[in-house]
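Note that the coordinates shown come from a computational prediction; the quantities given were computed from them, not determined experimentally.
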Amino acid sequence: MNHQELRAVTWTAAAEDGRPALSLIDQTALPHTLERLAVTTVDGLVDAIVRLVVRGAPAIGAAGGYGVALAMAQAEREGWDRARLDAEVARIRAARPTAVNLMVCVDRVTSRIGEGLPAVLAEADAIVREDLAANRAMGAYGADWLLKRVAAAQERPLRILTHCNTGALATAGWGTALGIIRELHARGRIETVYADETRPLLQGARLTAWELAQEGIPHYVQADGAAAGTILRGEVDAAIVGADRVAANGDTANKVGTVGIALACAYAGIPFVVAAPTTTVDLTTPSGDAIHIELRGEDEVVEWAGIRTAPAASRGHNPAFDVTPGSLVTALVTEQGVREVAAGELPVVGPSGA
């Protein structure tokens, strides 16, 4: 599989029944099968986002942008008025509350509803093009920074730890944190990657490992609980993760388990790097305290594949994300460059930012 051609989210002119559709790689089926799901209704898209058929903040943002077009097409078929259309678009916008990209992209595309479906689709297409370009820029900026910052890079290739999935599957293509890893690999500067399994739904084991294997990048899958020990044993040169929202002070929400990695990196004195497009930087959120953390269903942690793994009386606590303080973020990599957040460089973004 050529990941330059892998697109998690694509618009198709018509589904099998003739309706316009949003084609999504079904990430719940990976790594065993690569399947696409054709979504033709708002209900179908909201369900796909909630079930993690499509996931990763930039990919969800792209899906949300096209979702506005999907809602407009459904409105035309079913005779909705503008109030109903707005309500359905709001449902898409609220499908996952932590990832700010979804809200930013839906709002951006919604502003063109009055110009008609072609204008809405053009705006959604622009979001995808911009994310692809941002990913490539992040890869280059992040690789350059790491190769200058990590002294061991002058002696041997790097050993990188990553958490969750931040590759082509999580974006419009290429990837954020995994995009930096790809760039390092292309330069011959990756020794190995430690991919955390990412409990409870194993996005690292199922998705990141699949993407790494497709490109022949050496890697290990490890239990989340092994990450800190791997770092403290000196087996990691840097950790690179993505983000679902970056607050104005540099606090970063990412997949649950991230903050423990940041703490271990701080103790070990190695870089903890966050890679995210400027659409993930939310200057209206002053700090991590103001980030809404999504609580998912209890069954994800007390069951596996429908089989109960905890006592019947046990409750499941299932926050999807945690917040890493900006003081632990060595560097934030966006398409605009690198900000050394822990050193006091706040994640201010230019006009293209959120």
Side-chain angles (χ1 to χ4, degrees), residues 7-12 19-28 36-75 80 84-115 117-132 134-135 165-166 168-173 176 242-246 253 276-282 284-285 291-292 294 296 320-321 352-354:
R7 300 287 183 264
V9 179
T10 56
W11 179 264
T12 59
R19 291 183 289 178
L22 187 57
S23 177
L24 305 173
I25 290 179
D26 186 351
Q27 298 187 37
T28 67
R36 298 199 77 98
L37 177 69
V39 177
T40 59
T41 66
V42 171
D43 283 348
L45 179 56
V46 170
D47 177 69
I49 293 172
V50 171
R51 288 195 301 112
L52 309 185
V53 168
V54 59
R55 42 141 305 280
I60 294 172
Y66 285 120
V68 177
L70 201 70
M72 291 177 69
Q74 188 175 357
W80 299 348
R84 172 70 185 277
L85 174 60
D86 289 344
E88 295 298 322
V89 168
R91 288 179 57 215
I92 297 170
R93 188 183 188 276
R96 293 203 72 188
T98 302
V100 71
N101 303 60
L102 176 59
M103 305 164 197
V104 169
C105 293
V106 168
D107 290 347
R108 173 176 165 179
V109 174
T110 298
S111 69
R112 302 198 64 182
I113 285 179
E115 301 173 58
L117 184 59
V120 164
L121 284 172
E123 198 66 34
D125 288 342
I127 287 170
V128 170
R129 288 194 306 272
E130 291 166 16
D131 188 56
L132 282 167
N135 290 345
N165 173 260
T166 58
L169 292 168
T171 62
T176 55
D244 286 81
R245 187 181 302 219
V246 179
T278 51
T279 51
T280 303
V281 179
D282 184 8
T284 67
T285 297
I291 298 175
H292 177 80
E294 175 189 358
R296 293 183 59 82
F321 307 94
S352 64

(request) Would you mind reporting whether V54 and R96 have side-chain heavy atoms less than 4.5 Å apart? (result) no
(message) Distance check, rounded to the nearest 0.5 Å: D131 atom CG versus I127 atom CD1?
(response) 9.5 Å
(request) Please answer whether the main-chain N or O of N165 pairs with a side-chain N or O of R55 as donor and acceptor at a distance below 3.5 Å. (result) yes
(message) Can you tell me how far apart CG (L22) and OG1 (T40) are? Round to the nearest 0.5 Å.
(response) 10.0 Å
(request) Would you please say whether a donor-acceptor pair under 3.5 Å links the side chains of D244 and T98? (result) no
(request) Identify the residue among V46, L70, V68 that makes a side-chain contact (heavy atoms from CB on, under 4.5 Å) with I92. (result) V46
(message) Evaluate R7 against L132 for side chain to side chain contact (heavy atoms under 4.5 Å, CB included), listing each step before the verdict.
(response) CA-CA 10 Å; R7 300 287 183 264; L132 282 167; 3.9 Å; yes
(request) Go through the steps to decide whether Y66 and L121 satisfy the test side chain to side chain contact (heavy atoms under 4.5 Å, CB included), and finish with yes or no. (result) CA-CA 7 Å; Y66 285 120; L121 284 172; 4.1 Å; yes
(request) Measure the CD-CE distance between E88 and M72 for me, rounded to the nearest 0.5 Å. (result) 14.0 Å
(message) Between T110 and R93, is there a side-chain donor-acceptor contact under 3.5 Å, judged purely by atom types and distance?
(response) no
(request) Walk me through it: do V9 and L24 pass the test side chain to side chain contact (heavy atoms under 4.5 Å, CB included)? (result) CA-CA 5 Å; V9 179; L24 305 173; 3.9 Å; yes
(request) Would you name the heavy atoms of G61 and C105 that are closest together and state the gap between them? (result) O-CB, 3.2 Å
(request) Work out which heavy atom in V106 is nearest to a heavy atom in V89; give both atom names and the distance. (result) CG1-CG1, 3.6 Å
(message) Run R91 and D43 through side chain to side chain contact (heavy atoms under 4.5 Å, CB included) and show every step you take.
(response) CA-CA 9 Å; R91 288 179 57 215; D43 283 348; 2.9 Å; yes
(message) Is there a side-chain contact between T279 and V100 in this structure, where contact means two heavy atoms from C-beta onward sitting under 4.5 Å apart?
(response) no
(message) What's the separation between atom CZ in R51 and atom CD in Q27, rounded to the nearest 0.5 Å?
(response) 12.0 Å
(request) Please name the pair of heavy atoms, one in A126 and one in R108, separated by the smallest distance, quoted to 0.1 Å. (result) CB-NH2, 3.7 Å
(message) Testing the basics here: between A134 and P277, what is the closest heavy-atom pair and its distance to 0.1 Å?
(response) CB-CB, 4.5 Å
(message) Between E123 and R112 (side chain of the first, backbone of the second, donor and acceptor by atom type, cut-off under 3.5 Å), is there such a pair?
(response) no
(request) Please report the closest heavy-atom contact between W80 and A71, naming both atoms and the distance. (result) CZ3-O, 3.6 Å
(message) Please give me the minimum heavy-atom distance between G242 and T176, naming the atom from each residue.
(response) CA-OG1, 4.4 Å
(message) Contact between T12 and R36 at the side-chain level, heavy atoms closer than 4.5 Å - yes or no?
(response) no
